[in-house]
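Structure, as structure tokens:
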Amino acid sequence: EKDDLNYTHYKYQQLFPGSDIPIENAIYIQHVKNGKIESCNGTIIETFPDIISIIPKISEKNALVNALKYL
């Protein structure tokens with residue numbers, strides 16, 4: 001996106017390694033003017049606890065059944 005000061009802001013969303021799952025609040029932004037990077041800011045997660053997994057612990061069917069029970 002471009003702002004009134006003629007800066008273009010490129011936003012990058014970090015994904016969990018090996019997946020397409022976005023990591024909440026892990027966004028990095030480049031601020032570019034006249035084709036040159038003027039500054040960067042944001043948050044990048046470098047290490048993850050071993051207990052985090054993207055492999056579901058329950059099946060899709062069981063998740064739906066539990067959700068419907070809750071409702």
Side-chain angles (χ1 to χ4, degrees):
E1 55 190 49
K2 201 167 195 168
D3 66 17
D4 294 338
L5 299 175
N6 207 28
Y7 279 89
T8 301
H9 306 281
Y10 296 96
K11 295 182 181 180
Y12 301 92
Q13 171 70 60
Q14 185 179 3
L15 304 176
F16 190 81
S19 77
D20 59 352
I21 300 170
I23 300 170
E24 187 174 355
N25 299 320
I27 297 173
Y28 196 72
I29 306 168
Q30 287 181 335
H31 309 280
V32 179
K33 189 170 187 177
N34 299 324
K36 295 182 182 178
I37 297 172
E38 296 283 332
S39 65
C40 299
N41 67 294
T43 301
I44 296 175
I45 309 299
E46 295 185 33
T47 58
F48 299 91
D50 291 337
I51 62 169
I52 295 178
S53 173
I54 60 170
I55 299 169
K57 293 188 184 233
I58 64 172
S59 69
E60 181 179 353
K61 181 179 178 181
N62 284 344
L64 179 58
V65 168
N66 289 337
L68 291 173
K69 281 182 188 177
Y70 180 79
L71 294 175

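If you read the sequence from its start, that first residue is 1, and numbering goes on from there. Reckoned from all heavy atoms, side chains included, excluding hydrogens, waters and symmetry mates. What you see is a predicted model; the values in this text were computed from it and never measured.
There is a path of hydrophobic side-chain contacts, each under 4.5 Å, that joins I21 to F48. Residues F16 and Y12 are members of separate hydrophobic clusters, defined by side-chain heavy-atom contacts under 4.5 angstrom among Ile, Leu, Val, Met, Phe, Trp and Tyr. Under the 4.5 Å side-chain contact rule for hydrophobic residues, I58 and V65 do not share a cluster.
With rounding to the nearest 0.5 Å, the separation of CD in Q14 from CD1 in I44 is 6.5 Å. Between atom NZ of residue K11 and atom CD1 of residue I27 there is a gap of 7.0 Å, rounded to the nearest 0.5 Å. Residue Y28 holds its OH atom at 10.0 Å from OG1 of T43, rounded to the nearest 0.5 Å. Between the OH atom in Y7 and the OG atom in S39 there is a gap of 7.0 Å [rounded to 0.5 Å]. Here the straight-line distance linking atom CD of Q30 with atom CD of E38 works out to 11.5 Å at 0.5 Å rounding. Residue E24 holds its CD atom at 10.5 Å from CD1 of I45, rounded to the nearest 0.5 Å.
Between the Q13 side chain and the A26 main chain, a donor and an acceptor come within less than 3.5 Å of each other.
Side chains of N6 and N34 form a contact here, defined as non-hydrogen atoms less than 4.5 Å apart.
Minimum heavy-atom separation, I54 to S19: CD1-CB, 3.7 Å.
Shown here are the side-chain contact (heavy atoms from CB on, under 4.5 Å) partners of L71, two or more places apart in sequence or in another chain: there are none.
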